[in-house]
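Quick note on labels: first sequence line is chain A, next is B, and so on, each numbered from 1.
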Amino acid sequence: MKELASVYDPKSVEDKWYQYWEEHGLFHSEPDGREPYTVVIPPPNVTGVLHMGHMLNETIQDILVRRARMEGKNALWVPGTDHASIATEAKVVKRLQEQGVKKSDLTRDEFLKHAWDWTHEYGGIILKQLRKVGASCDWSRTAFTMDETRSRSVMRVFVDLYNKGLIYRGVRMVNWDPAARTALSDEEVVYQEQHGKLYYLRYKIVGEEGYAVVATTRPETIMGDTAMCINPNDPKNQHLRGKRVIVPLVGREIPVIEDDYVDIEFGTGCLKVTPCHDVNDYMLGQKHNLPAINIFNDDGTLSEAAGLYVGMDRMAVREQIEKDLTEAGLMEKVEPYTNKVGLSERTKVPIEPKLSTQWFLKMSELVKPALKAVEDGEIVFHPAKFVNTYRHWMTDTKDWCISRQLWWGHRIPAWYLADGTVVVAETAEQALEQARRVSGNAALTADDLRQDDDALDTWFSSWLWPISLFDGILNPDNDQMKYYYPTSDLVTGPDIIFFWVARMIIAGYEYVGRPPFRNVYFTGIVRDKLGRKMSKQLGNSPDPLELIDHYGADGVRMGLMLAAPAGNDILYDDALCEQGRNFNNKIWNSFRLVKGWAVDDALEQPVHCGLAVKWFQASLDKALAEVKDLFSKFRLNDALMTIYRLFWEDFSAWYLELVKPAYQQPIDRATLDATIGFFDTLLRLLHPFMPFITEELWQHIGERADGESIMTARIPAAGEADEALLAAMAQAKEIVAGVRNVRKTKNLPPRQALTLQIVGALDSPCKPVIVKMAGLEAIEEVTEKAGASASFMVGTLELAVPLGDSIDVEAELKKLEADLQYARGFLATVEKKLGNERFVANAPEAVVAMERKKQADALSKIATLEQAIAALKG
RNA sequence: GGGCGCUUAGCUCAGUCGGUUUAGAGCACAUGCCUUACAAGCAUGGGGUCGGCAGUUCGAGCCUGCCAGUGCCCACCA
């Protein structure tokens, strides 16, 4: 094999191996006798492009899926995309606008054609990008929330819930997005603190001098006022009881009503009531039978009903009316005021409460089994703190507004007859049939039915995702469903815990009677290193594909994972990817080293090599067990760090350095075989995190058949680790570090062979390790060390490196005295404990014995140090 | 306004049932090394009293209370 470059080049291998995996069908899964392991992707928006959040999320899913596969499970990761009703429609509208086309100029079908074109044009992009990340999705199963199976599933569920009386149509105050011109669910409204003004407006009291003053943040709504409200218990406003007042500028007379809803302390205690444009005012209007005047058009401009400012935007009206009121002397004062304004999650414009006819899903009963499942631990959240958030939302769930005044999405399967009769059915044909039956008019034709214009909330299809992906709505008992459902783990962000996670759980219990998944792993948000959320405006959001280009997919995956405990936000810094890239390079070079060894079958295995092999096997066994445990707890970053240190410290810095033959010398067969075996296992452990480099090297270290892959190799089970050997080696490492420290502080050349004196005896199998790694000529066990030497302690053991005349007595004394001081301080803390009668009486025996051992060790250490100091001085 | 979480080294985080050191890791830092796998490297080293106060206990980073700071979720105060 030709000389390998000293730097790993990800570009030369990544695409090659991804293609290999795909061509050999290694991502594909079909039900069989093995234990299933299933993950469904949180479907990204069909028109989306990969961002750092995806990068993190998909990496985690891939790690879980690859690990499960290598544990011998039948692992399946189902990919797909979401039609993202409102987001996609907004994009299409915007693009059409750029081409000079208004949505309102198009028919529904014309608009949908544009939307589908857009979907086909951009729909595959993010799925292609996932391949660059290394995602091991079963692409043959790629689904779309608006493909046929998923659409029919949505229709089936809608009709079913309607027939159960859980879906109803009604007039309610809803959140209206004037930019998208659609209703939104409560979850799609985000509240944001905004610095605004509080306006004090004068309402002339009818029949007397003077004004009643109302404080409001929305003076532009006065045209919709139909009452003023005071609290009947408000002493300062008693004089207004039973009066009528005149709406400023408008000149209309309205009554003063009384309700204890009004907060006496706020503003003047007078509230203007605008039943059409505020939820509370709507409630008051209902209660007191007030007329309602809707002064807004759907796009947030003032309607004819307003009478004034007709056609102007609500925000412009607010500015204008402030001026007009002031000029008319009807503005008492204006104060700066900070309040929370509800914004559309999608378009970011302020929500307008609006009375309208919408479709709703009753939640109160559906929620119950879903809440119980999480509380009882049938579904486990990682980290557990999100159970609280979940419980809170699930215990007071309002009905879900599921209709949207959009075209891109699942059209609501409700049809209306001219007389207002509603029929709900899965298809137009069934609707017609039903309409004939209901009306008793067999002559009805499709033209007599008008389908509801609205589309369903996007989440009304994604809440079925784990079921509908396996066709479990339409064919509940099919083989795929039986095998893959419930899925194993869901990986998603906590920001969609209500939008999606909670609703999937609800659907799981309602439609399958079982949970949709067993574990939910909540990722954190990727932020920049200053802790700011990544955003296009700040320009602090790197493009994952550029990072992959720069550091390699494995490097970026590793960098993100190092910093990402479940549920913690991650502060992204390029340095993380650098660390990942450097680790790739380390692995690469370790491979180059081993690959370069020539074997000599006639060679006996040297003692230190046999020892090294046994010791590393013990380290590996320990790490295998630890990693397994960490995976079971979803502590992936800790698992990665464990493997990282195993590879870099134990394997590269100690094991390889130990067994490495001298320059151009051959290695014995036993050690070489063991080393390659270790390398193989290490690659398997690393593969879920770094799929590309591990495949590349794994293919090199053995003869592989075509189609064979590390992907389907097994991660070995941990054997019993030899703890005694691990302890002996830990001590040996400390001794070696001590000698190296002497070399460094005494400026001794690295190659100068030294003698190490051990005062007393060292009972350890690792002496050959010490000799080799510390660069020793010999180890001597002596009763008294040579006078001129640099000494140090490991535990209670005193060691010394004789240095002849070059010893700096002053410096040596200083060091020994520092050690002595530390030992005495330590002894003091131990003796304080042991001197405490109650400690000796109450603490468990083992703890007391431990303290006594510490005491004895400290005393022995102090004695040794004192002698050493005396000897130096003497 | 209500609820939940967090605060341990310069940074990001571990720290299990309160009991093995005077608290660990990675990164960063300092110093010395171009030592034939790797300078994207090797070796060595410095660095925190665990947000503050009080309490429980033989013993507290860990349990309790109060305070401070910080983050998130929920909520109709105009």
Can you tell me the distance, in whole Å, between the CZ atom of Phe839(A) and the P atom of C58(B)?
12 Å
Test log, rule salt bridge (charged side-chain N to carboxylate O under 4.0 Å, His left out), inputs Asp650(A) and Lys733(A)
CA-CA 11 Å; Asp650(A) 294 337; Lys733(A) 283 177 171 182; 3.3 Å; yes
Could you tell me how far apart Leu571(A) (CG) and G10(B) (P) are, to the nearest whole angstrom?
17 Å
Atom CE of Met850(A) and atom C1' of G18(B) are separated, to the nearest Å, by 15 Å
Atom pair distance, as rounded to whole Å: CD in Gln855(A) and C1' in U20(B):
15 Å
Quick one: do Lys815(A) and Thr745(A) satisfy side chain to side chain donor-acceptor pair (under 3.5 Å)? Show the steps, please.
CA-CA 11 Å; Lys815(A) 187 176 145 307; Thr745(A) 52; over 6 Å; no
Classify Phe583(A) by what it touches in the nucleic acid, base, sugar-phosphate, or nothing, heavy-atom distance under 4.0 Å.
nothing
Value in whole Å for how far the C1' atom of U44(B) lies from CD of Glu649(A):
13 Å
In whole Å, I'd like the distance from the CD atom of Gln664(A) to the P atom of A37(B).
10 Å
Would you please confirm or rule out a distance under 4.0 Å between OP1 or OP2 of C76(B) and any side-chain N or O of Lys340(A)?
no
Lys/Arg-Asp/Glu bridge criterion (N-O < 4.0 Å) met for Lys772(A), Glu657(A)
no
What integer distance in Å separates Asn388(A):CG from C72(B):P?
17 Å
What interatomic distance, in whole Å, is found between C1' of G15(B) and the corresponding atom of G26(B)?
15 Å
Regarding Glu851(A) and Lys832(A), does a basic nitrogen lie under 4.0 Å from an acidic carboxylate oxygen?
no
Write down the distance separating the C1' atoms in C42(B) and G5(B), rounded off to the nearest Å.
43 Å
I'd like the C1' distance from A68(B) over to G24(B), given in whole Å.
27 Å
Quick one: Asn175(A) CG to A75(B) C1', roughly how many Å, whole number?
14 Å
